[in-house]
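Notes for the one structure printed next.
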Amino acid sequence: MADVIPEAGLPPLPGPESALFLDFDGTLVEIAARPDLVVVPPDLPSVLQRLSVALGGALAIVTGRGLEVVRGFLPVPGLVVATEHGAVLDPSDAASPPLPSPPAAWREAADRFAAAHPGALAEHKRHGLVLHYRLAPEAGEAAHALAEAMAAELPEDFRVVPAHAAYEVRPRFADKGKAVHRLMARAAFAGRKPIFVGDDVTDEDGITAAYAMDGIGYRIPEDFSGQPARFRAWLARAADALEAGQGPRPAGGG
Ligand SMILES: O=P(O)(O)OC[C@H]1O[C@H](O[C@H]2O[C@H](CO)[C@@H](O)[C@H](O)[C@H]2O)[C@H](O)[C@@H](O)[C@@H]1O
């Protein structure tokens, strides 16, 4: 990696018995003015691929982003991804629960919100939508009110989750913790020590799940000084260390 950052004060590197669960925005990449403007460092996909191979496939991206967006940013063969906050796993599994999608009227209302507030954005996903106001801070209250009004129409299916300068309307029964539990049941992950790394409130479910399975969670603000670059450098060192000696541990070997 291009980032030259001292190791002091960083968490211990993951060992060959680990399973890595990594958030995307604010963790692997710096927050940007708009979702389409995030910058993926050119060497990040290869670092993720090396880690995935070294860990026998036990590496997953667990993100609020949509599936196609993540695959576009991180073109890593064999990479497991849990998108839309765990609602959509790829590769999928037979246990995938049916999840609702926002009604067309909500999508139209979201687009009208964005049109009415220059700088605001409506992001549409399969099972949810996001009202972004980072570039239109005065629209924050309107975004919140609209998101709450939508979720109130179908409260058994949807809930509102605050994000960085955005409000997300997403399926009530999807969260990153459930995604971690489902992935840990897969052969490549089973028996490993889960390590979840995130930066945001939605990552707390994933961190809780990791602890529940004798793993650990790291937070970018506290453990990497709020710097995704520090975290990326840590990942690169982990790939070096795993390749140098520890090697992949057979999947499911306890
Ligand atoms: O779970 P994550 O990978 O952290 O994704 C959470 C949401 O991130 C994206 O929005 C946030 O990042 C944007 C790019 O840095 C930023 O412009 C925006 O203000 C943030 O809210 C993404 O657009 C959402 O779909 C994700 O759910």
Side-chain angles (χ1 to χ4, degrees), residues 20-41 44 48 59-74 76 79-90 99 101-102 106-107 110-111 113-114 117 119-140 143-144 147 151 158-172 174-180 183 196-210 217-221 224 226-229 231-232 235:
L20 286 179
F21 298 92
L22 311 178
D23 172 52
F24 183 67
D25 290 284
T27 297
L28 283 172
V29 296
E30 284 76 6
I31 292 290
R34 288 195 336 234
D36 57 316
L37 293 181
V38 294
V39 176
V40 176
L44 180 58
L48 294 175
L59 182 150
I61 307 301
V62 187
T63 175
R65 295 285 192 136
L67 176 58
E68 292 74 17
V69 174
V70 179
R71 290 283 184 213
F73 279 128
L74 299 174
V76 178
L79 184 67
V80 175
V81 294
T83 61
E84 301 202 32
H85 300 286
V88 178
L89 302 189
D90 187 41
L99 288 165
S101 288
W106 292 9
R107 298 202 183 277
D111 290 340
F113 160 82
H117 300 280
L121 284 173
E123 179 184 359
H124 296 284
K125 311 184 202 180
R126 288 187 205 176
H127 300 290
L129 57 84
V130 191
L131 304 173
H132 290 273
Y133 60 90
R134 181 174 297 279
L135 297 179
E138 72 287 351
H144 191 189
F158 291 95
R159 61 179 161 153
V160 177
V161 179
H164 292 304
Y167 287 95
E168 299 211 28
V169 182
R170 64 181 231 212
R172 178 168 293 283
D175 66 50
K176 292 186 177 186
K178 292 188 180 74
V180 170
L183 290 172
F196 193 105
V197 187
D199 74 308
D200 199 359
V201 62
T202 64
D203 298 313
E204 292 302 320
D205 292 320
I207 289 172
T208 299
Y218 297 122
R219 298 174 178 86
I220 296 299
F224 295 93
Q227 299 175 50
F231 176 55
R232 292 194 300 267
L235 282 180

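As the structure lists them, so they are numbered: ligands from 1, and atoms in each ligand from 1. Numbers here simply count residues along the sequence, with the first being 1. Side-chain atoms are counted along with the backbone in the values below, which use heavy atoms only and exclude waters and symmetry mates.
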Subject >> salt bridge (Lys or Arg N to Asp or Glu O under 4.0 Å) evaluation trace for R219 with D203 >> reply: CA-CA 9 Å; R219 298 174 178 86; D203 298 313; over 6 Å; no
**OP:** Could you tell me whether E123 and R34 make a salt bridge, using a distance below 4.0 angstrom between a side-chain N and a carboxylate O?
**Re:**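 Judged by the 4.0 Å cut-off on N to carboxylate O distance, E123 and R34 do not form a salt bridge.
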Check whether any N or O atom of [X], backbone or side chain, sits under 3.5 Å from an N or O atom of ligand 1, and answer yes or no.
X    : answer
G64  : yes
D25  : yes
A166 : no
E168 : yes

Where is the nearest protein heavy atom to [atom]: which residue, which atom, and how far?
atom                    : value
atom 17 (O) of ligand 1 : A32 O, 2.7 Å
atom 10 (O) of ligand 1 : H132 CE1, 3.5 Å
atom 23 (O) of ligand 1 : E123 OE1, 2.7 Å
atom 3 (O) of ligand 1  : T63 OG1, 2.6 Å

Suppose I only count heavy atoms of [X] and a 4.0 Å limit; which atoms of ligand 1 are within that range?
X    : value
F24  : 3 (O)
K176 : 1 (O), 2 (P)
H85  : 27 (O)
A33  : 17 (O)
K125 : 24 (C), 25 (O), 26 (C), 27 (O)

Original post:
Where is the tightest heavy-atom contact between H127 and F158, given as atom of each residue plus distance?
Top reply: O-CE2, 3.5 Å
Subject >> salt bridge (charged side-chain N to carboxylate O under 4.0 Å, His left out) partners of D111, counting only residues at least two apart >> reply: none
**OP:** Would you kindly say whether D205 and H85 are connected by a side-chain donor-acceptor distance under 3.5 Å?
**Re:**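 No - no donor-acceptor pair under 3.5 Å links their side chains.
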Subject >> side-chain hydrogen bond (donor to acceptor under 3.5 Å, both in side chains) against K125, all qualifying residues, sequence neighbours excluded >> reply: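 Here the qualifying residues are E168.
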Subject >> Qualifying residue for side-chain hydrogen bond (donor to acceptor under 3.5 Å, both in side chains) with R65, from D25, T83, D23 >> reply: D25
Subject >> Evaluation steps, side-chain contact (heavy atoms from CB on, under 4.5 Å), between V70 and F24 >> reply: CA-CA 8 Å; V70 179; F24 183 67; 5.6 Å; no
**OP:** Take the angle between the ring planes of F224 and Y218 and call it parallel below 30°, perpendicular above 60°, tilted in between.
**Re:** perpendicular
